[in-house]
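What follows is a set of notes on a single structure, which appears directly below.
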Amino acid sequence: MGGFRKLRRSFYARPTLQVARDIIGKFIVYRSPQGKLSARIVEVEAYIGRGDPACHAARGKTERNEVMFGKAGVTYIYFIYGMYHCLNFVTEPAGRPAALLLRAAEPAEGTGLMKKGGSRQGLDRLLSGPGKFCRAFGLTRAHNGLDLTGDKIYLEDRNKPAGEIVTTTRIGINHGRQHRWRFYDAGSAAVSRK
DNA sequence: TGAATGATGCGCT
DNA sequence: GCGCATCATTCAT
């Protein structure tokens with residue numbers, strides 16, 4: 001089993017926009033209580049530091065966002081709109097708060113365990129949004145701050161990189177719109193929006 | 001096929 | 001009390 005390379009902390013502890021490009025095409029693996037789930041990452045957004053008004057860390061450290069201020073390579077999961085969770089990967093060296101929001105992925109292993117939402121859509125739409133991903137994987141605030149270099153949840157390089165990576169402005173924000181900090185695999189049908 | 005809208009809880013001012 | 005890194009449904013074209 002496995003045989004693939006688990007991404008180390010040094011992968012995450014770099015400038016966020018570099019990590020964003022490199023993370024497209026990597027696989028996220030979650031060893032859930034029900035079994036192994038995995039998916040190929042096809043869309044992320046960058047949220048970078050005090051100077052980015054859309055970043056939760058822009059107004060300083062709080063109980064909610066404190067993991068972003070710590071070491072790279074841990075999960076940052078928050079609750080939004082009263083019913084959804086969003087998964088992020090903390091980037092940059094400790095003390096420099098930043099993260100990548102996982103927006104979409106292609107289901108790989110454990111698709112039968114992934115919790116489907118209300119509507120019935122094809123497999124390529126099952127993880128096509130940040131809220132949908134966490135719902136399908138069963139991730140909540142209970143999984144905030146998990147170490148991505150551990151064995152419960154981690155990223156792997158399975159040698160399936162993106163062909164073309166497109167950059168656009170970020171979705172669903174009111175401030176910091178000018179930055180083109182959304183990255184996605186142009187060849188994927190699982191991207192949330194084109 | 002796209003725009004509008006309701007659901008629903010909580011962090012923060 | 002307001003606004004939110006969303007989504008599924010409804011209604012209009």
Side-chain angles (χ1 to χ4, degrees), chain A residues 12 15-17 19-21 23-24 26 28 39 41-70 72-92 96-107 111 114-146 148 153 155 165-185 188-194:
Chain A
Y12 304 96
T16 306
L17 298 181
V19 184
R21 285 198 170 273
I23 210 170
I24 302 294
K26 300 297 190 292
I28 179 169
I41 295 170
V42 298
E43 178 182 348
V44 296
E45 280 176 0
Y47 290 86
I48 310 176
R50 303 293 302 253
D52 174 8
C55 182
H56 289 172
R59 279 167 296 205
K61 189 195 232 175
T62 67
E63 190 171 350
R64 178 175 70 151
N65 66 24
E66 66 177 344
V67 301
M68 265 199 292
F69 289 78
V74 308
T75 61
Y76 168 47
I77 301 182
Y78 62 87
F79 185 63
I80 189 92
Y81 296 122
M83 56 185 90
Y84 297 107
H85 294 270
C86 291
L87 168 65
N88 299 251
F89 309 112
V90 175
T91 58
E92 312 258 353
R96 200 177 303 168
L100 288 170
L101 167 69
L102 174 55
R103 286 197 54 92
E106 296 168 350
T111 57
M114 297 181 191
K115 298 168 190 153
K116 299 177 174 47
S119 73
R120 302 191 176 186
Q121 302 170 324
L123 251 196
D124 57 1
R125 301 272 79 194
L126 182 57
L127 308 177
S128 62
K132 294 166 79 175
F133 180 91
C134 283
R135 182 181 59 202
F137 267 54
L139 295 172
T140 69
R141 279 171 296 181
H143 305 91
N144 184 50
L146 288 183
L148 291 162
I153 183 167
L155 266 54
I165 294 177
V166 176
T167 68
T168 73
T169 54
R170 294 173 292 180
I171 292 176
I173 58 169
N174 288 310
H175 302 300
R177 282 181 177 163
Q178 71 277 21
H179 297 118
R180 299 174 73 84
W181 286 353
R182 174 172 175 250
F183 299 74
Y184 68 84
D185 180 344
S188 176
V191 168
S192 67
R193 295 195 215 165
K194 306 240 173 154

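Each chain gets a letter, A, B and so on, in the order the sequences are listed, and its residues count up from 1.
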Segment of DNA chain C, first to last nucleotide, that comes within the 4.0 Å heavy-atom reach of chain A: C/dC4 to C/dT9
Do A/Val166 and A/Val191 have side-chain heavy atoms sitting under 4.5 Å apart? no
Please encode protein proximity along nucleotides 1-10 of chain B as a string of B, S and -, counting only heavy-atom distances under 4.0 Å. ------BBBS
Taking the inter-plane angle between the rings of A/His56 and A/Tyr76 on a 0 to 90° scale, is it parallel (under 30°), tilted (30 to 60°) or perpendicular (over 60°)? perpendicular
Any side-chain heavy atom of A/Leu139 sitting closer than 4.5 Å to one from A/Phe133? yes
For DNA chain B, which residues of residues 123-139 of chain A approach it to below 4.0 angstrom with any heavy atom? none
Using a 4.5 Å cut-off on heavy atoms from C-beta on, say whether the side chain of A/Glu45 contacts that of A/Cys86. no
What are the two closest non-hydrogen atoms of A/Ser188 and A/Glu106, and how far apart are they? OG-OE2, 2.6 Å
Would you call A/Met68 and A/Cys55 a side-chain contact if the rule is heavy atoms closer than 4.5 Å? yes
Is there a side-chain contact between A/Asn144 and A/His85 (heavy atoms, below 4.5 Å)? no
Do A/Lys194 and A/Tyr184 have side chains that approach each other closer than 4.5 Å (heavy atoms only, starting at C-beta)? yes
Pairwise side-chain contact, A/Ile171 with A/Ser192, heavy-atom cut-off 4.5 Å (strictly under): yes
Applying a 4.0 Å non-hydrogen cut-off, can you work out what A/Asn174 is touching in the nucleic acid: base, sugar-phosphate, or nothing? sugar-phosphate
Can A/Arg177 and A/Thr169 be counted as having a side-chain donor-acceptor contact under 3.5 angstrom? no
Under the 3.5 Å Watson-Crick or G-U criterion, the dot-bracket string of DNA chain B, with | for inter-strand pairs: |||||||.||||.
Which residues satisfy the side chain to side chain donor-acceptor pair (under 3.5 Å) test with A/Asn88, sequence neighbours excluded? none
Please determine whether side-chain contact (heavy atoms from CB on, under 4.5 Å) holds for the pair A/Phe183 and A/Leu17, giving the CA-CA distance in whole Å, both sets of side-chain angles, and the decisive distance to 0.1 Å. CA-CA 9 Å; A/Phe183 299 74; A/Leu17 298 181; 4.0 Å; yes
Go through the steps to decide whether A/Phe137 and A/Ile153 satisfy the test side-chain contact (heavy atoms from CB on, under 4.5 Å), and finish with yes or no. CA-CA 11 Å; A/Phe137 267 54; A/Ile153 183 167; over 6 Å; no
Touch check for A/Leu101, heavy atoms < 4.0 angstrom, all strands: base, sugar-phosphate only, or nothing? base
Within the 4.5 Å heavy-atom criterion, are A/Val67 and A/Thr75 side-chain neighbours or not? no
Which part of the nucleic acid, if any, lies within contact of A/Arg64, taking any heavy atom under 4.0 Å across all strands shown: a base, the sugar-phosphate backbone alone, or nothing? sugar-phosphate
Relative to the ring of A/Tyr12, is the ring of A/Phe89 parallel (under 30°), tilted (30 to 60°) or perpendicular (over 60°)? tilted
Short of 4.0 Å, heavy atom to strand atom, which residues of residues 53-62 of chain A count as contacting DNA chain C? A/Ala54, A/His56
